[in-house]
Amino acid sequence: MIRFLNPGFAWMLAAPAAIVVLYLLRRRFLPQQVPSVFLWRRSVQDYAANRPFQRLMKNLLLPLQVLATLALALALMNPVLPGGTAGKTILVFDISGSMQAECNGKSRLELAKEEALKRIRELPAEEEITVITAGDEVQRLLLSGNREEAEKTIGSIACGRGGAEIDRALTLVWALARSGEEEKGATVTVFSDALRLSEIHTRGGRTPTIINVGEAAENRTVYSLTAENGKAYARVANFGKECTVTLACETDGTLCGAGEVTIPAGETAGVSFDIPEEARTVRVKIREKDALEADNTAEAAVKHAASLHVAVTEDSVFLESALKVRPDLTVMRTDAEALASTEADLYILGSDPLILTTRIPEEGYDPAATAFGPFGWDGEAKTGDSPAAEISESPLTTGLTMKNVFFREWHPVSGGRAVLRLGGDPVITWNGETAILGFDLHNTNLPLKYDFPILIQNILNTLLTEEQAAEEPAVNVMPLGESDTRDTAPDYETEKTETTGEQGRELRSVLLILFLLLLVAEMGVSRYVC
Amino acid sequence: MLTDRFLARLDALRLVMRGRAQGGAGGSRRSRQTGSSAEFSDYREYIPGDDIRRLDWNALARFDRLYMKLFMEEQESQVMILLDASASMEDKWSAARSAAETVGYLALTGGDRLRLQLLKDGRAVCSPQFSGRAAFAKLTAFLDRAVPDGKEGTLTEAVRRAESLKKGLCFLITDGYTEDALKEALDYLRYMRQETAVIQVLSGGELRPETEGAVRLCDSESGEQIDLLADRNALESYHEALEDFLKQIRENCSGRETPYLLLDGSKAFEDCFLPLLSRSGMIG
């Protein structure tokens, strides 16, 4: 289907009609009395009989002028035909839980798919299309496929229940966009429901097109739920206006309590329930219906056995994913100031660098410091294309290959034993109590590799002793950190960027040439007639 | 109105007729008829060209003026003026009327009987017969009352309804707008034994139109309208049509040995008409 890049010039399409009207109004015949039209009648007959082309030329003037004006109007509207120079298109789909929210009978993900399919159909046939989903994990579903493959892939996308790792997805996107020996332009479009350009990581001035789908809606979610020692603790997040919600608590399928809580807009609130000691499972549900009911219920197993507690000061979905592998871990959220009063088996501190330790030093933890116990690092990170990672044999590196792992920024770390180096700089070091990762997980593709969960498990296994391991694995807990759902009141300012690849065949130059030809023809005919 | 000066010039001229007169009372034209005697009938003043053998020398000696002797065998001729009085003649009526007066004066001073018929609305309005120099005033008065306002019928129909067409001279004064370029009218007059002469009168606007732009031409006679873009090509085409039309009339006239002249109604009548008459052979 033809698109118009400058539809604002559509008003010029009225110009041909104006020409026709002027043509009709132009001929005002002034009456003039003559003795006889005898000779004029004869002359007109001769005129018409001997000059057939004259009448033809006169009849050509109006259509020539109309066509010329039409060509100019269309040229200014800059129509684009599908087709043209093929390039790269990368589509990123937010498949977080909030994309299940329905709007007019369709979920946000369905709306996103429809929009994506519409765009795909306007692409050149040879366009290379990559499809990536951003949920709890980033998955590349299609790499450089054609339109047909892209349509099938998009049709198969389903929503998750977790958050959306858009930044991670874009890291992958920029890596894919820059492939081969030279950097090729690629058009990146992110389909989400409440994403702002300011929230995502751009690279080198290249920004994606963000398409936010769906409508604003009220949504509350049971953010987290834990239960142990006769108590169930639920945290509820409100992504809409201030409201009061009613929570029902069930243990082993039996209602055991209810409570109301008022939550300010954009805030969370905690509620606790008394549960029977012998209860094995607990379920908390928000009674009121909202835009996304899927996140209104949370379930958890009641912890009866001791488990390892891990306290984290910063949210990191990369870590959460890695820690999920250990069902015997209970992850708690804390902050630097509360560390002293937080009892945990393992502390995961900061993010750049990332500190995993079983013991907080006496001097405590200062997020701004460049030292932690015997370890130290430079305040300024090194940047650029990292050299290949060199691993040393140690308990932390068991099973690691570190192949095709790149780092954008890293801090050389001193102290402890180095197990991973970059260009000779130690970036992962450890001792019996602490392991330091001298980089932000966002500045590397390590979390996307299988090496990462293996590394984390190795660190946990090394820092946590066997006595501290739980006998029974606990039920998976509700992950902390980023909520399951996004704000369901999306901002509809779709921030578009310049596409870096040609899409569609512009007809402007053809129409301008046609306009000029028609203009010359009209001038020639006009001179001949007059 | 013809000026006295112009009329004085006309006194020296006579209408020319190829045939012999057939009339009643004495006129200036030769008749085939011969009298039973060469009985003297009358005098008239000498006109250059007259036969000097008939000069009255006695009158010359007595009055010191030249007089011609008229005998019984010289008879009057009839002169008929058919004047087109249709509406199309309005803008050249002055020239056409002057032409009719001139011919009428020549006829009256030449001793001819004169009738004038106005051709309009497909019929002919006939004047009384005029005779003698004194009748010129009556002729003028008759023309004063004539109005060119005929809108019905054709010139040919009006000619065919002309009355009292006896053998003689006939002057058809018209703009000539007939589909057959006066062919049928001339044939009819010839059939009626008229020695016909055609005086075609056209106005300056018809001979040299200055129409330009988008105009709606309205025929003053029929009311017919023609929308026209009077550009250069249209005017060229008009001139071509005019030339063709005049050529047709000339050919029709010459083919019937009919003297013809084209009078431009926009020019000064008294300056241009006599030379035209002379060149056409209508006067001598």
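Naming convention: chains lettered A, B, ... in sequence-line order (proteins, then strands); numbering from 1 in each chain. Side-chain atoms are counted along with the backbone in the values below, which use heavy atoms only and exclude waters and symmetry mates.
- No other option in Ser203(B), Gly205(B), Cys218(B) has as many heavy-atom pairs under 4.5 Å with chain A as Cys218(B).
- Within 6.0 Å of atom CD in Glu114(A), more than 12 heavy atoms from other residues, nucleotides or ligands are found, so the atom counts as buried in its surroundings.
- For the residue pair Glu240(B) and Ser43(A), no side-chain donor N or O sits within less than 3.5 Å of a side-chain acceptor on the partner.
- Residues satisfying the side-chain contact (heavy atoms from CB on, under 4.5 Å) criterion with Glu221(B), sequence neighbours excluded, are Ser86(B), Ala87(B), Ser88(B), Asp219(B).
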Could you please spell out the steps behind the side chain to side chain contact (heavy atoms under 4.5 Å, CB included) verdict for Leu39(A) and Tyr177(B)?
CA-CA 8 Å; Leu39(A) 289 174; Tyr177(B) 288 143; 3.9 Å; yes
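- When heavy atoms are compared at a cutoff of 4.5 Å, Glu90(B) does not approach chain A at all.
- The neighbour count for Gln33(A) CD, taken as heavy atoms of other residues, nucleotides or ligands under 6.0 Å away, is above 12.
- For the atom pair CZ (Phe29(A)) and CG (Leu228(B)), the distance works out to 8.0 Å, reported to the nearest 0.5 Å.
- Within a 6.0 Å sphere centred on CD of Glu152(B), heavy atoms belonging to other residues, nucleotides or ligands number 12 at most.
- For the pair Pro35(A)/Glu206(B), a side-chain contact is recorded, criterion being any heavy-atom separation below 4.5 Å from C-beta on.
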Working for side chain to side chain contact (heavy atoms under 4.5 Å, CB included), residues Arg41(A) and Ile226(B):
CA-CA 7 Å; Arg41(A) 193 190 324 117; Ile226(B) 292 180; 3.8 Å; yes
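- A 6.0 Å sphere centred on CD of Glu151(A) holds more than 12 heavy atoms belonging to other residues, nucleotides or ligands.
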Is there a side chain to side chain contact (heavy atoms under 4.5 Å, CB included) between Gln32(A) and Thr211(B) once you walk through the steps?
CA-CA 9 Å; Gln32(A) 182 176 331; Thr211(B) 307; 3.2 Å; yes
Any chance you could lay out the side chain to side chain contact (heavy atoms under 4.5 Å, CB included) test for Trp40(A) and Leu217(B), step after step, and finish with the verdict?
CA-CA 9 Å; Trp40(A) 286 109; Leu217(B) 302 176; 3.4 Å; yes
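- Proximity to chain A involves both the backbone and the side chain of Glu179(B), based on heavy atoms less than 4.5 angstrom apart.
- Proximity to chain A involves both the backbone and the side chain of Asp227(B), based on heavy atoms less than 4.5 angstrom apart.
- Within the structure, side-chain hydrogen bond (donor to acceptor under 3.5 Å, both in side chains) contacts touching residues 246-255 of chain B (residues at least two apart or in different chains) are Arg42(A)-Gln248(B).
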